[in-house]
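Values reported hereafter were calculated over all heavy atoms of this structure, with side chains retained and with hydrogens, waters and symmetry mates removed.
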Amino acid sequence: MQFSRVNCASWHLGIEANNIFEWWTTPKECKEYVKNYMLGYQYRSDSKAVISEAINYVGTLHFPKDGRSIWVFDIDETVLSNLRYFTDKDLSGLDPALSTPEGEVMPESQRLYKKLLSVGIKVVFLSGRKENKRDATVSNLKKAGYHSWDMLILKSDELANKTAQEYKSTMRENLEKEGYSIVGNIGDQWSDLLGHNGGRRLFKLPNPMYYIP
């Protein structure tokens, strides 16, 4: 999608609300705006607002203590931040699931992760990273402080041609067929959340750096 004379704050609102899609990378006119947003106060503040609402929601949940209640997390820009990688690449729009940089912990999301474990909701990581990135992903998660999860689902070669939304919908459907109840789902892309079997409640974290369908 092409932009001209774009108001970057309005463009940002549009992508977060999923009114603008298939934009792939930050418009050149907005790269400085996005860098300032991501590296400054507002990104952290917006992320904290999302996570605070998620934690409030967890406090309202009533669920059976049978070990079948799960929360689905995306990985990149959800529990691990690739911000340094993208700013070094001048916000190139590369999909981190393909390059797998070493991500840093996202402290806001880790708060939610710890809250879920404390109340007995199991964590499932569902990522577009390829299966051959499993060892690197496990190492990165543990280094960032995520030491316990029920499942780490990565994309197999058989599903390589599916979009992120198709793939993640299929994996969530499989989880529910296995008897799991998805009480929450969080990601930085709308494709992490939309489609079928999304879960009881969806939470979208901000990400104006790249788009994945």
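- Residue pairs meeting the salt bridge (Lys or Arg N to Asp or Glu O under 4.0 Å) criterion with at least one member in residues 135-145, sequence neighbours excluded: E102-K143.
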For residues 198-206, run the donor-acceptor check on the side chains, cut-off 3.5 Å, and write out each pair with its distance to 0.1 Å, sequence neighbours left out.
residue, atom, partner, partner atom, Å
K204, NZ, E16, OE1, 2.6
K204, NZ, D188, O, 2.8

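- Applying the side-chain contact (heavy atoms from CB on, under 4.5 Å) test to D66 and every residue at least two apart in sequence or in another chain returns P64, R68.
- Note on residues 167-201: no pairs pass ring pair (Phe, Tyr, Trp, His ring centres under 6.0 Å), not counting sequence neighbours.
- R44 pairs by the salt bridge (charged side-chain N to carboxylate O under 4.0 Å, His left out) definition with E108, not counting sequence neighbours.
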Expected list for residues 47-63: side-chain donor-acceptor pairs under 3.5 angstrom, two or more places apart:
residue, atom, partner, partner atom, Å
S47, OG, Y43, O, 3.0
S52, OG, K48, O, 2.9
N56, ND2, S52, O, 3.3
Y57, OH, V183, O, 2.6
T60, OG1, Y57, O, 2.7

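- For the atom pair W11 CH2 and I20 CD1, the distance stands at 8.0 Å (nearest 0.5 Å).
- Residue pairs meeting the disulfide bond (SG atoms under 2.5 Å apart) criterion with at least one member in residues 158-213, sequence neighbours excluded, do not occur.
- Residue K115 places its NZ atom among 12 or fewer non-hydrogen atoms of other residues, nucleotides or ligands, all under 6.0 Å distant.
- Residue pairs meeting the disulfide bond (SG atoms under 2.5 Å apart) criterion with at least one partner in residues 8-54, sequence neighbours excluded, are C8-C30.
- For D46, there are no salt bridge (charged side-chain N to carboxylate O under 4.0 Å, His left out) partners, not counting sequence neighbours.
- Not a single salt bridge (charged side-chain N to carboxylate O under 4.0 Å, His left out) links E32 to another residue, sequence neighbours left out.
- Between F73 and Y146, the ring center distance fails the sub-6.0 Å criterion.
- Residues that satisfy the side-chain contact (heavy atoms from CB on, under 4.5 Å) test with E104, not counting sequence neighbours, are R84.
- For K155, the salt bridge (charged side-chain N to carboxylate O under 4.0 Å, His left out) criterion is met by no residue, not counting sequence neighbours.
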